[in-house]
Amino acid sequence: MTTLKPIITICGTTGVGKSKLSIELALKLAQGIHGWTGARIINADSMQVYTGMDVITNKVPVAERMGVEHLLMDFKQPGEQYVVGQWVQDAIKAIDETHQMGMIPIIVGGTSYWIQHLIFPNRLPIPAQSLSDSIARSIANLPPELLELFNALPEHSPSAASNPQDAMLLHKLLTALDEPVAQRWHWRDTRKVMGSLRVIKDTGKAPSEIIIEQSKTALIPRYRTLCFWLYAEPSILNDRLDARVDDMIKEGLLDEIKQLRAIASSPAPCSPDAAVTESSDESAVQQTDYTVGIYQSIGYKEFHDYLASPEHSEKLFVSAVEQMKYGTRQYAKRQIRWLRNKLLPAIYSANSGRDHTVALLPVYLLDATELGDQWTSNVLNQGERIVEAFLGNETLLDPLSLSERAREMLTIDVKPTSPTEILRARKKVVCPVCTLDPSQPFMVEDGSQWEAHRRSRAHRGHASRDKKMHGKRVNRRPAVHSDIPSKVDVEDQQDQHRSIV
């Protein structure tokens, strides 16, 4: 019998009903189950930590929380940075307090990588006071231009679209300091490149060094964790997400975005209640880093052109609404990919092939595709039964038996979970045929993506053009280029102080 204390986590896409389920389960626990006297909800949504801005961050209204205490919500000012390592420490403290009260922590939110780092310790870089030998040598050998850049890294990631030279220079710096990790990131993915450089600055170690250290540590959970994945079929969920955007606009979304624009243009922090003036510094608003803090909220960037227009433009308004709906649907897709490609493999690895009846991390998919009575039977009733069995150390249901959707979505291909295996699996190569400007190489991920690219119409067209120009077939073999990777991993969100891989 494990001595790990129990927690419940609820993951899933935006708009699927995670908060609703967490409140319902908390009310059930308040009736008393196996000696536990209730539950507190710990927010794991990276946008809902910010005070105010209730519409754009989709917080459950206080009146609908049914008296259930919500923690780590509404406590940071818009404009502040709050990253995964800070949240994990705050969440651990809240969990300990909740257990001491004889209550169950329910961690709920769509920022699944926060939850993953809460469950699994020793996967975040630790600040150090000195440089490792390899980094010290690499820094000593930097040319003056790169040394100057390393000593004065930009506060925000440059845009590769508008500043390709700056983006390439950052990638060259990372290559000089940690070539294996540089091969993972596309030079256009400046946020990832900057994240790796920040790790070097903060820890004094190359990310690849930290990866090797992590690979020697097994995935051992911090808590005995019941994981719920609340899921709705995308074809059904998308209509709900579109309707929710329309509702958000009616509930005051644009007023909140105007407040955020005022904060972004202010030289000093200001509260969300500050008056919104027409004299906001538009240049400061335009320079906002949309990958930082609350400015990542879907809707802020999408309505920029409309709100920046001196006159009302119905065309810009309609375009902004459609962009927000599209962005929300794409975000939901990325959330599903993270759960299937990152969290589930880690959970299955930690369970080490244990039967579901004795797993430290039982994971269940609850089907929220249909609402009304179907929600009660497919989500609430099943969730309550599983919670009762989990807390009572009783025999748990087979997760694959709950529904066909559960069987389909919880069954995944075996994926590497060792940091070193993941590092080797993501190497990028340059396509010499499709590189039109040597200063901006065309990158593709090695393996299946490279093979697909090689068969693409664009690649074959460039190869045919070069053959006509030079009278011979161009070498089609990719070149490993430590300066660049291909498609940006947008699902690995927002946080420069996150895990290494």
Side-chain angles (χ1 to χ4, degrees), residues 2-11 18-19 21-23 25-26 29-30 33-53 57 59-60 62 65-128 202-203 214 217 219-228 293-294 343 346-347 350 360-361 387 390-391 493-499:
T2 179
T3 59
L4 297 179
K5 293 185 177 179
I7 64 171
I8 298 170
T9 66
I10 302 176
C11 302
K18 299 183 298 294
S19 295
L21 176 60
S22 68
I23 292 169
L25 291 180
L29 284 161
I33 295 180
H34 299 295
W36 299 98
T37 60
R40 299 161 96 204
I41 292 172
I42 299 173
N43 168 55
D45 184 302
S46 62
M47 297 297 98
Q48 292 185 4
V49 301
Y50 295 103
T51 186
M53 308 302 162
T57 61
K59 292 175 192 157
V60 176
V62 174
R65 297 178 192 175
M66 307 298 288
V68 177
E69 187 175 4
H70 284 60
L71 308 174
L72 303 188
M73 183 180 285
D74 278 319
F75 72 109
K76 289 292 177 181
Q77 288 299 317
E80 281 188 76
Q81 267 276 53
Y82 185 65
V83 296
V84 57
Q86 295 170 295
W87 178 83
V88 168
Q89 293 304 311
D90 290 341
I92 290 172
K93 182 179 178 181
I95 289 170
D96 290 345
E97 291 174 349
T98 303
H99 282 145
Q100 290 169 12
M101 297 166 64
M103 303 174 78
I104 291 293
I106 301 178
I107 297 89
V108 56
T111 311
S112 297
Y113 76 88
W114 279 18
I115 294 177
Q116 184 163 337
H117 283 299
L118 174 67
I119 295 173
F120 299 111
N122 305 319
R123 285 296 185 266
L124 289 171
I126 300 173
D202 293 345
T203 68
Q214 289 182 349
T217 305
L219 280 170
I220 300 175
R222 187 180 268 119
Y223 305 101
R224 180 171 171 255
T225 307
L226 172 58
C227 304
F228 284 124
I294 198 170
L343 184 57
I347 289 175
L360 285 175
L361 298 164
V387 166
F390 172 76
L391 295 179
Q493 325 155 288
Q494 307 125 340
D495 208 327
Q496 293 180 350
H497 296 267
R498 60 192 303 161
S499 58

Checking Leu72 against Trp87 for the side chain to side chain contact (heavy atoms under 4.5 Å, CB included) test, could you report, in this order, the C-alpha distance in whole Å, the side-chain angles of both residues, the deciding distance, and whether it holds? CA-CA 8 Å; Leu72 303 188; Trp87 178 83; 3.5 Å; yes

Evaluate side chain to side chain contact (heavy atoms under 4.5 Å, CB included) for Tyr223 paired with Leu360, printing each intermediate quantity in order. CA-CA 8 Å; Tyr223 305 101; Leu360 285 175; over 6 Å; no

Evaluation steps, side chain to side chain contact (heavy atoms under 4.5 Å, CB included), between Tyr113 and Leu343: CA-CA 8 Å; Tyr113 76 88; Leu343 184 57; over 6 Å; no

How far apart are the C-alpha atoms of Leu118 and Ile92, what are their side-chain angles, what is the distance that settles it, and do they pass the side chain to side chain contact (heavy atoms under 4.5 Å, CB included) test? CA-CA 8 Å; Leu118 174 67; Ile92 290 172; 3.9 Å; yes

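Here the closest non-hydrogen pair linking Pro221 and Ala350 is CD-CB, 4.4 Å. Taking all atoms of both residues into account, the shortest heavy-atom contact from Cys11 to Lys18 is C-CD, 3.5 Å. Nearest heavy-atom pair, Cys227 versus Ile347, reported as atom, atom and distance to 0.1 Å: SG-CD1, 3.8 Å. Among all heavy-atom pairs drawn from Pro121 and Arg222, the shortest one is CB-NH2, 3.2 Å.
A donor-acceptor pair under 3.5 Å links the side-chain atoms of Arg224 to the main chain of Phe390, judged by distance alone. The backbone N or O of Met47 lies less than 3.5 Å from no partner atom in the side chain of Tyr82, so there is not a single donor-acceptor pair. At least one donor-acceptor pair closer than 3.5 Å links the side chain of His99 to the backbone N or O of Pro6. Thr98 places no side-chain N or O within donor-acceptor distance of the main-chain N or O of Pro105, the cut-off being under 3.5 Å. His70 places a side-chain N or O within donor-acceptor distance of the main-chain N or O of Val68, the cut-off being under 3.5 Å. Panel note: side chain Gln48, backbone Met73; no donor-acceptor pair is recorded below 3.5 Å. The closest donor-acceptor contact from the side chain of Arg65 to the backbone of Val60 lies under 3.5 Å. For the pair Gln86 (side chain) and Val83 (backbone), a donor-acceptor distance under 3.5 Å is present. Listed for the Thr111 side chain is a donor-acceptor partner under 3.5 Å among the backbone atoms of Ser46.
Of the inter-residue distances, the one linking Leu25 atom CG with Ile10 atom CD1 reads 5.0 Å to the nearest 0.5 angstrom. The line from CD1 of Ile107 to CH2 of Trp114 is 13.0 Å long, rounded to the nearest 0.5 Å. Here CD1 of Ile95 is found 4.5 Å from CD1 of Ile7. Values are rounded to the nearest 0.5 Å. Note: Ile104 CD1 to Ile33 CD1 = 9.0 Å, rounded to the nearest 0.5 Å. Expressed to the nearest 0.5 Å, how far CZ of Phe75 lies from CG of Asn43 amounts to 8.0 Å. Distance CE/Met101 to CH2/Trp36: 12.0 Å, rounded to 0.5 Å.
Between Thr51 and Gln77, some side-chain heavy-atom pair lies under the 4.5 Å cut-off. At least one side-chain heavy atom of Leu29 sits under 4.5 Å from a side-chain heavy atom of Ile106. Counting only heavy atoms from C-beta outward, the side chains of Val108 and Ile42 never approach each other to under 4.5 Å. Taking 4.5 Å as the limit, some side-chain heavy atom of Glu97 sits within range of a side-chain heavy atom of Arg40. Here the side chains of Thr9 and Phe228 are not in contact, with every heavy-atom distance at 4.5 Å or above. At a threshold of 4.5 Å between non-hydrogen side-chain atoms, the residues Leu71 and Ile41 do not count as touching.
Salt bridge present: Asp74 and Lys59 bring a charged side-chain N and a carboxylate O closer than 4.0 Å.
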